[in-house]
Amino acid sequence: MTKQERMEKLRERLAEMKVKEKELRCAGYEKIAGVDEVGRGPLAGPVVAAAVVLPEDFDVLGIDDSKKLSEKKREKLFPVIKEKAIAFGIGMVDNKVIDDINILQATKKAMTMAVDELNRMLEANGSRQADYILFDAMKIDDIKIPQESVIKGDAKVLAIAAASIIAKVTRDRIMAEYAAEYPGYSFEKNKGYGTKQHYEGIKKQGICPIHRKTFLKKVL
C-alpha cells in the first residue's frame with residue numbers, strides 16, 4: 001500500500017467515525033460529548049474516564065479505539081486531541097473507592113466526574129454545557145443530559161475514541177509514576193493488570209497501597 005493509499009484509508013476512517021456525531025448535529029444537538037473509561041480490569045491503580053467534545057471540522061487522522069493504537073501513537077495524538085478539542089474532562093476514582101463501592105459504580109463515578117469537568121471547561125470558555133452524551137457501552141441515569149450507550153463505541157464514534165485515548169494515556173502515566181513509588185510489580189509495563197511479573201511481585205512483597213483488595217481476593 002502506498003503512502004497516498006494509506007492516507008486515503010485514514011480519511012475514509014475519519015469520515016466513518018464522524019457519522020454518528022453528524023447525525024446528532026442534524027437533529028439539533030451542538031455540544032456532543034464522547035465518554036470512555038480505562039482501567040476496569042487491573043488489580044491495582046485507579047479507573048480513569050475522559051469526556052471530549054470535538055469541533056465539527058476536527059480533521060486529525062489516526063484517531064481510533066486506544067487499544068488498537070501503539071503507545072507511541074497514543075502519546076502523539078494525546079496533546080493534539082487536547083489542543084483541538086472544544087473541551088475535555090478527566091475523572092479518576094482510586095482503588096480504595098473501587099473496593100468500597102465496586103468497579104461498576106466506581107466507573108460510573110469517574111465518568112460523571114469527567115462530564116462535570118468537561119461542562120466546567122465549556123462554561124469557562126463561555127459555551128453552553130454538553131447537550132448530548134455518547135457513552136461506550138454505558139448509561140448513567142444520574143446524569144440528566146440526553147445520552148446513548150454505543151456498543152464498541154470507541155471503535156465507532158470519533159469523540160468516544162478520542163476520550164479513550166485521553167483516558168488511556170492519563171492512566172498509563174499515573175501507573176508509570178506508581179512504578180517508581182512502588183517498585184517490584186512492573187507497573188510501568190503491566191499498568192496494574194495481572195501479568196506474571198505482577199503476580200511474582202505480590203508473592204515476594206505482598207500487596208501495596210494501590211492494590212484493589214476486592215480484586216485480589218478473587219485471584220490469589
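Just so it is clear, the model here is predicted, and its values are computed rather than measured.
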**Message:** So does Ala87 get a backbone contact from the side chain of Asn125, meaning a donor-acceptor N/O pair under 3.5 Å?
**Reply:** no
**Item:** Nearest non-hydrogen partners of Lys73 and Leu61, listed with the distance
**Value:** NZ-O, 4.3 Å
**Message:** Within the supplied structure, the quantity of interest is the number of heavy atoms (other residues, nucleotides, ligands) at a distance under 6.0 Å from Asp142 CG; does it exceed 12?
**Reply:** no
**Asked** What heavy-atom pair brings Ala49 and Ala114 nearest, and what distance separates the two atoms?
**Response** O-CB, 3.8 Å
**Prompt:** Is it the case that one hydrophobic cluster holds both Ile86 and Ile145, taking links as side-chain heavy atoms less than 4.5 Å apart, direct or via other members?
**Reply:** no
**Asked** Mind checking whether Ile143 and Ile133 have side chains closer than 4.5 Å, heavy atoms only?
**Response** yes
**Message:** Would the distance check show the side chain of Arg212 and the main-chain N or O of Gly45 forming a donor-acceptor pair, the cut-off being under 3.5 Å?
**Reply:** yes
**Message:** When you compare the side chain of Lys189 with that of Gln197, does any pair of heavy atoms fall below 4.5 Å?
**Reply:** no
**Asked** Is atom CE of Met17 surrounded by more than 12 heavy atoms (other residues, nucleotides or ligands) closer than 6.0 Å?
**Response** yes
**Asked** Do Leu118 and Ile32 share a hydrophobic cluster (ILVMFWY, side-chain heavy atoms under 4.5 Å, transitive)?
**Response** no
**Prompt:** Would you find a donor on one side and an acceptor on the other, under 3.5 Å apart, between the side chain of Ser186 and the backbone of His198?
**Reply:** no
**Message:** Do Val150 and Asp136 make a side-chain contact, defined as non-hydrogen atoms from C-beta onward lying under 4.5 Å apart?
**Reply:** no
**For Tyr185 against Gly206, the heavy-atom pair lying closest together** = OH-O, 2.6 Å
**Message:** Testing the basics here: between Ala167 and Ala50, what is the closest heavy-atom pair and its distance to 0.1 Å?
**Reply:** N-CB, 3.8 Å
**Asked** Judged by modelled atom types alone, do Tyr132 and Glu148 share a side-chain donor-acceptor pair under 3.5 Å?
**Response** yes
**Prompt:** Is Glu37 reaching over with its side chain to a backbone N or O of Ala110, donor-acceptor style, under 3.5 angstrom?
**Reply:** no
**Prompt:** Would you find more than 12 non-hydrogen atoms of other residues, nucleotides or ligands less than 6.0 Å from Lys68 atom NZ?
**Reply:** yes
**Message:** Would you compute the distance between atom CG of Leu54 and atom CG of Leu158 and round it to the nearest 0.5 angstrom?
**Reply:** 5.0 Å
**Request:** For the pair Leu216 and Ile207, evaluate side chain to side chain contact (heavy atoms under 4.5 Å, CB included) and give the outcome as yes or no after the intermediate values.
**Result:** CA-CA 9 Å; Leu216 290 169; Ile207 65 172; 3.2 Å; yes
**Request:** May I ask you to check whether over 12 heavy atoms, not counting those of Gln205, lie within 6.0 Å of atom CD?
**Result:** yes
**Message:** Donor-acceptor pair, distance only, cut-off 3.5 Å: does the side chain of Asp154 make one with the backbone of Ala161?
**Reply:** no
**Asked** Out of curiosity, Leu122 CG to Phe88 CZ, how far, rounded to the nearest 0.5 Å?
**Response** 11.0 Å
**Request:** Taking the side chain as every heavy atom from C-beta outward, state whether Phe135 and Ile140 have any pair of such atoms under 4.5 Å apart.
**Result:** yes
**Message:** Counting only heavy atoms not in Lys18 (residues, nucleotides, ligands), do more than 12 fall under 6.0 Å from its NZ?
**Reply:** yes
**Asked** Taking the six-membered ring of Phe78 as reference, does the NZ or CZ atom of Arg173 fall below 6.0 Å from its centre and within a 45° cone about the axis?
**Response** yes
**Prompt:** Between Arg11 and Glu8, does at least one N-O distance fall below 4.0 Å, as a salt bridge requires?
**Reply:** yes
**Message:** Evaluate Ile166 against Lys82 for side chain to side chain contact (heavy atoms under 4.5 Å, CB included), listing each step before the verdict.
**Reply:** CA-CA 8 Å; Ile166 295 296; Lys82 291 175 71 174; 3.5 Å; yes
**Prompt:** Can a salt bridge be assigned to the pair Glu30 and Arg25 using a cut-off of 4.0 Å between side-chain N and carboxylate O?
**Reply:** no
**Prompt:** Can you name the nearest heavy-atom pair linking Lys31 to Ser127, along with the distance?
**Reply:** CE-OG, 2.9 Å
**Message:** Does any part of the side chain of Glu123, heavy atoms only, come nearer than 4.5 Å to the side chain of Gln129, both counted from C-beta?
**Reply:** yes
**Asked** Any side-chain heavy-atom pair from Lys9 and Arg6 closer than 4.5 angstrom?
**Response** no
**Request:** Check step by step if side chain to side chain contact (heavy atoms under 4.5 Å, CB included) holds for Arg40 and Leu104.
**Result:** CA-CA 8 Å; Arg40 290 182 71 173; Leu104 177 59; 3.7 Å; yes
**Message:** Quick test of your reading of the model: are Lys67 and Asp65 salt-bridged, counting only N-O distances below 4.0 Å?
**Reply:** yes
**Asked** Could you state the interatomic distance from CE (Met7) to OG1 (Thr2), rounded to the nearest 0.5 Å?
**Response** 11.0 Å
**Message:** Tell me if a side-chain donor or acceptor on Arg171 pairs with a main-chain N or O of Pro46 at a distance below 3.5 Å.
**Reply:** yes
**Request:** Find the distance between CG (Leu69) and CD (Glu75) and round it off to the nearest 0.5 Å.
**Result:** 12.0 Å
**Asked** Rounded to the nearest 0.5 Å, what separation is found between the CD1 atom of Ile63 and the CG atom of Leu77?
**Response** 4.5 Å
**Request:** Side-chain contact test, heavy atoms from C-beta onward, threshold under 4.5 Å: evaluate it for Glu117 versus Arg120 and give yes or no.
**Result:** yes
**Item:** Linked, directly or transitively: Ile98 and Tyr182 (ILVMFWY side chains, under 4.5 Å)
**Value:** yes
**Asked** Does the side chain of Val169 come within less than 4.5 Å of Glu71's, by heavy atoms?
**Response** no
**Request:** Begin from the C-alpha positions of Leu134 and Val35 and carry the test side chain to side chain contact (heavy atoms under 4.5 Å, CB included) through to its verdict.
**Result:** CA-CA 6 Å; Leu134 295 166; Val35 182; over 6 Å; no
**Asked** If you measure from SG on Cys208 to CD1 on Ile202, what distance do you get to the nearest 0.5 Å?
**Response** 8.0 Å
**Prompt:** Got a sec: does the CD of Gln4 have more than 12 other heavy atoms crowding it under 6.0 Å?
**Reply:** no
**Request:** Output yes when a side-chain donor or acceptor of Lys144 lies under 3.5 Å from a complementary backbone atom of Asp141, and no otherwise.
**Result:** yes
**Asked** Do Asn95 side-chain atoms and His211 backbone N/O form a donor-acceptor pair below 3.5 Å?
**Response** yes
**Item:** N/O donor-acceptor pair under 3.5 Å between Asn190 side chain and Thr195 backbone
**Value:** no
**Asked** Mind checking whether Met138 and Val38 sit in one hydrophobic cluster, side chains of I, L, V, M, F, W, Y counted as touching below 4.5 Å?
**Response** no
**Linked, directly or transitively: Ile210 and Val97 (ILVMFWY side chains, under 4.5 Å)** = yes
**Request:** Test Asp64 against every option in Arg74, Arg13, Lys156, Lys168 by the salt bridge (charged side-chain N to carboxylate O under 4.0 Å, His left out) rule and name the one that passes.
**Result:** Arg13
**Prompt:** So, the side chain of Glu181 versus the backbone of Glu177: is there a donor-acceptor pair under 3.5 Å, distance only?
**Reply:** no
**Request:** Give the minimum heavy-atom separation between Gly34 and Ala163, together with the two atoms involved.
**Result:** O-CB, 3.5 Å
